[in-house]
Amino acid sequence: MILVLVETDAHGATETSQETLTFARELADRRGGLTLHALLVGPLADGITQAALTQLGEQGVSTVRHAQHEQLSSYAAGSWATAVATATESVSADIVMAAGTARGSEIMAHVATRLDATMAANVVAVDDVDPLTVSRQVMGGAVLEVMRVASVPAVLTVAGHAVDPRAAALPTQPHVEVFEPPLTESDVVGRVVRVEATEVDDTAALTGARVVVGAGRGAGSAHGFDDLLELSELLDGTLGVSRVVTSLGWRPHHEQVGQTGSRIAPDVYIACGISGAIQHWAGCQSAKTIIAINTDADAPMVTKAHYAVIGDLHEIVPAINEELRRRGS
Amino acid sequence: MTNVLVCIKRVPETSGQILLSQDGQSIDARHVGYTLSAHDECAVEQAIQIARSTDGEATVLTVGNDDSLEQIRNALAVGCTAAVLVEADTENFGPADVAAAIADAVRSRETDATTYDLILVGNDAADTGDFQVGVRLAYALGRPVLTGIGTVEVQDGTVVARGKGPEGTEVFELSLPAVIAVQEGGVEPRYPSIPGRMKAKRTPVDMVTASVSPVGNGRAALRLPPSQPSVVEVLGEGPAAATAVVDLLYKLGVAT
């Protein structure tokens with residue numbers, strides 16, 4: 001049995017949780033048809049629960065376990081971990097998985113510690129099912145580690161965009177079981193006591209954007225972003241920047257794309273004045289089409305891109321903006 | 001007075017080209033050099049700020065061999081005031097082993113009248129990216145833990161920590177002692193000064209050994225993802241290429 005912790009947003013199961021379910025289902029099939037269970041945690045609006053159940057059915061989930069407890073109204077990694085560990089033990093799961101998000105990684109680290117299990121983070125592929133051997137991203141995805149996960153249960157997080165979510169051949173109508181995890185005081189000491197509105201934080205816009213205009217050192221200064229912001233507006237997109245840009249204080253950290261920033265998967269990424277070091281590539285490699293604008297034709301960003309324009313972004317981007325405006329965009 | 005212990009890791013630079021060792025078991029960083037993980041740099045900065053504002057001590061610790069003294073000296077140069085090197089052959093260490101080694105060192109030092117009110121680690125290492133050392137360490141010591149934290153303030157034995165959540169900035173409050181995994185973005189690491197570097201050379205580093213029976217990291221091999229031959233289509237040079245770019249944006253359906 002494989003158990004998947006499912007995170008939710010306003011539309012039901014998150015995109016990365018659906019990817020994780022697809023990954024889990026394909027692993028379950030290779031293990032000779034293990035059943036696939038999903039876990040929801042905490043109170044959810046009816047509409048979100050219904051949407052999630054439909055999505056979980058499309059992913060071939062047979063049983064949905066839903067942890068409910070009055071203490072689950074605010075997030076605490078310890079409480080979520082107790083919900084996961086309880087569900088894992090009650091069904092004797094062989095493998096327990098979550099998406100490799102901030103929360104998924106945090107919760108699974110607690111789960112693995114409590115269950116004395118081995119955890120493989122940011123898995124992208126299963127090399128062998130017995131003994132379980134996976135490939136996972138290390139060095140920000142620039143290197144893959146082939147790792148044996150000998151413990152039962154095995155704890156895995158799946159790297160974002162490692163697979164596309166695909167519906168099962170036979171959709172299911174999952175059976176829902178509600179349970180109350182045995183939370184203790186130590187589970188809730190690390191709970192969120194309040195959420196503060198962040199002044200401006202477009203992280204969600206960045207990770208969900210269809211078009212991202214990227215900017216690196218080539219922007220030149222904190223004043224070098226006007227044309228880039230205009231381009232992103234003309235394309236109904238979002239600005240994303242490399243680590244050097246935030247380190248120099250030119251733009252806020254929440255705009256950072258990379259190993260220590262957001263991981264994006266837009267339809268089009270226009271990387272302007274970005275050399276394409278591993279730190280950055282880790283965050284943008286899942287873009288479907290990459291257009292690089294750079295003065296250096298040999299920059300890694302250019303050689304890894306699908307399309308490139310060689311030259312100064314401060315000359316090229318205004319020309320693109322003008323052409324877009326001329327055509328009425 | 002808050003005594004802070006900040007645990008760091010020496011990792012290969014990721015700015016250059018990555019090569020693997022001949023046996024495919026490790027990264028050959030001889031030519032690119034080593035550095036600190038970005039998250040660790042922020043943890044060091046946070047440790048210094050807290051120690052200074054409370055007249056406490058900021059102790060830097062790492063698990064490894066003499067090579068890691070380079071990273072320890074760098075942390076001392078920016079303001080850590082004491083240092084511990086837990087000597088171990090970490091070649092096959094997994095996150096549980098690193099956490100066990102740190103916990104062992106913390107326990108043995110805390111019996112010698114030192115207490116670490118707050119232990120900071122980087123959220124995840126730039127090389128192995130396991131996301132586990134902070135959590136495993138906290139459980140080993142029986143202390144509460146937070147991960148993904150940008151800023152930490154200490155007031156009267158209480159920690160107020162903030163991190164980025166799905167709906168805004170999440171605020172946590174814990175009593176000390178506690179373990180916190182710091183993420184880049186909350187504080188800006190400072191640069192070392194010349195006097196700082198001089199002082200770092202003179203600060204003694206406590207060498208300790210940890211008794212750990214490693215469970216290992218499960219590593220069978222490392223491999224580089226298959227290198228894709230460059231398929232880049234150069235649309236042109238300079239502003240004259242704007243027309244071709246806009247044609248492409250229409251073709252891709254993102255301009256209307």
Side-chain angles (χ1 to χ4, degrees), chain A residues 9 77 102 105-106 109-110 112-113 118-119 121-122 133 137-140 142-150 186 189-190 192-198 203 210-211 235 253 259-260 267-268 277-279 289 291 302-311 315-316 319-320 322-324 327 329, chain B residues 12 14-15 18 20 27 38-39 124 126-132 135-136 139 144-148 164-174 183-185 188 217-225 228 230-239 241-243 245-246 248-249 252 254-256:
Chain A
D9 58 20
S105 311
E106 177 179 48
H110 281 258
T113 306
T118 303
M119 165 170 157
N122 282 324
T133 308
Q137 292 177 342
V138 294
M139 298 292 287
V143 179
L144 296 177
E145 178 185 66
V146 181
M147 177 178 170
R148 293 193 195 93
V149 191
S186 66
V189 290
V192 176
V193 292
R194 61 180 185 277
V195 177
E196 295 171 347
T198 318
T203 307
R210 267 191 81 205
V211 178
L235 297 172
H253 188 273
Q259 191 180 2
T260 52
D267 289 344
V268 179
I278 290 158
Q279 154 76 228
T289 300
I291 306 170
V302 173
T303 56
K304 288 175 173 174
H306 303 94
Y307 301 94
V309 178
I310 309 306
E315 294 172 8
I316 296 162
I320 295 170
E322 193 185 326
E323 181 66 15
L324 282 168
R327 297 198 204 175
S329 186
Chain B
T14 52
S15 50
I18 291 179
L20 300 184
I27 287 155
H39 300 315
D124 52 280
D127 56 352
T128 49
D130 287 304
F131 293 84
Q132 293 163 61
V135 172
R136 289 185 184 272
Y139 277 79
V145 59
L146 300 173
T147 75
K164 203 193 283 180
E167 276 133 30
T169 301
E170 294 177 338
V171 184
F172 304 86
E173 291 175 4
L174 286 182
Q183 193 158 23
E184 185 187 64
E188 199 54 56
N217 55 17
R219 177 178 293 177
L222 292 179
R223 59 189 169 88
L224 297 173
Q228 307 289 339
S230 179
V231 292
V232 65
E233 180 183 329
V234 177
L235 298 171
E237 288 189 20
T243 314
V245 173
V246 175
L248 174 64
L249 294 172
L252 294 170
V254 294
T256 48

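To find a chain, count down the sequence lines: A is the first, B the second, and so on, and within it residues start at 1.
- Comparing B/Pro12, B/Pro225, B/Gly165 by how many heavy-atom pairs each has under 4.5 Å with chain A, the most go to B/Pro225.
- Within the 4.5 angstrom heavy-atom criterion, atoms from both the backbone and the side chain of A/Val189 approach chain B.
- Between chain B and the options A/Val138, A/Leu144, A/Val195, A/Ile320, the largest number of non-hydrogen pairs under 4.5 Å is found for A/Leu144.
- With rounding to the nearest 0.5 angstrom, the CG atom of B/Asp130 is 7.0 Å from the CD atom of A/Glu145.
- In this structure, chain B has no heavy atom under 4.5 Å from any part of A/Ala150.
- Note that the CD1 atom of A/Ile278 and the CD1 atom of B/Ile18 stand 3.0 Å from one another [nearest 0.5 Å].
- Between chain B and the residues A/Gly311, A/Gly140, A/Ala112, the largest count of heavy-atom pairs under 4.5 Å involves A/Ala112.
- Within the 4.5 angstrom heavy-atom criterion, atoms from both the backbone and the side chain of B/Leu222 approach chain A.
- Contact of A/Ile291 with chain B is made through the side chain alone, with heavy-atom distances under 4.5 Å.
- By number of non-hydrogen pairs under 4.5 angstrom with chain A, the leading residue of B/Leu20, B/Val145, B/Leu174, B/Asp124 is B/Leu174.
- Ranking B/Val135, B/Asn217, B/Leu146 against chain A, the residue ahead of the rest is B/Val135, based on heavy-atom pairs under 4.5 Å.
- Of the listed residues (A/Gly190, A/Ala308, A/Ala121, A/Ala305), the one with the most heavy-atom contacts under 4.5 Å to chain B is A/Ala308.
- Inter-residue side-chain proximity for A/His253 and B/Glu188 is flagged as unmet; no heavy-atom pair is nearer than 4.5 Å.
- Remark: side-chain polar atoms of A/Gln259 are paired, donor with acceptor, to backbone N or O of B/Ala126 under 3.5 angstrom.
- Both the backbone and the side chain of B/Val246 come within contact range of chain A, judged by heavy atoms closer than 4.5 Å.
- In this structure, CD in B/Gln183 is found 8.5 Å from OG1 in A/Thr260, a value given to the nearest 0.5 Å.
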Self-check item: Test side chain to side chain contact (heavy atoms under 4.5 Å, CB included) applied to B/Leu224 and A/Val143, step by step
Solution: CA-CA 5 Å; B/Leu224 297 173; A/Val143 179; 3.9 Å; yes

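- Under the 4.5 Å side-chain criterion, counting only non-hydrogen atoms from C-beta, B/Phe172 is not in contact with A/Val193.
- One finds the OG1 atom of B/Thr243 at 10.0 Å from the CD atom of A/Glu322 (value rounded to the nearest 0.5 Å).
- Atom CG of residue B/Leu252 and atom CZ of residue A/Arg210 lie 9.5 Å apart, to the nearest 0.5 angstrom.
- With a 4.5 Å cut-off on non-hydrogen atoms, A/Thr289 touches chain B through its side chain but not through its backbone.
- Rounded to the nearest 0.5 Å, atoms OG1 (B/Thr128) and CG (A/Asn122) are 11.0 Å apart.
- For the set B/Glu173, B/Glu184, B/Glu237, B/Gln132, the entry with the most heavy-atom pairs within less than 4.5 Å of chain A is B/Glu184.
- The residue among A/Thr118, A/Val268, A/Thr133, A/Val192 with the most heavy atom pairs within less than 4.5 Å of chain B is A/Val192.
- Ranking A/Met119, A/Met147, A/Glu323 against chain B, the residue ahead of the rest is A/Met119, based on heavy-atom pairs under 4.5 Å.
- Residue contact with chain B, scored on non-hydrogen atoms closer than 4.5 Å, involves the backbone and the side chain of A/Ala142 alike.
- Contact tally against chain B (heavy-atom pairs below 4.5 Å) for A/Gln279, A/Gln137, A/Arg148: the top residue is A/Arg148.
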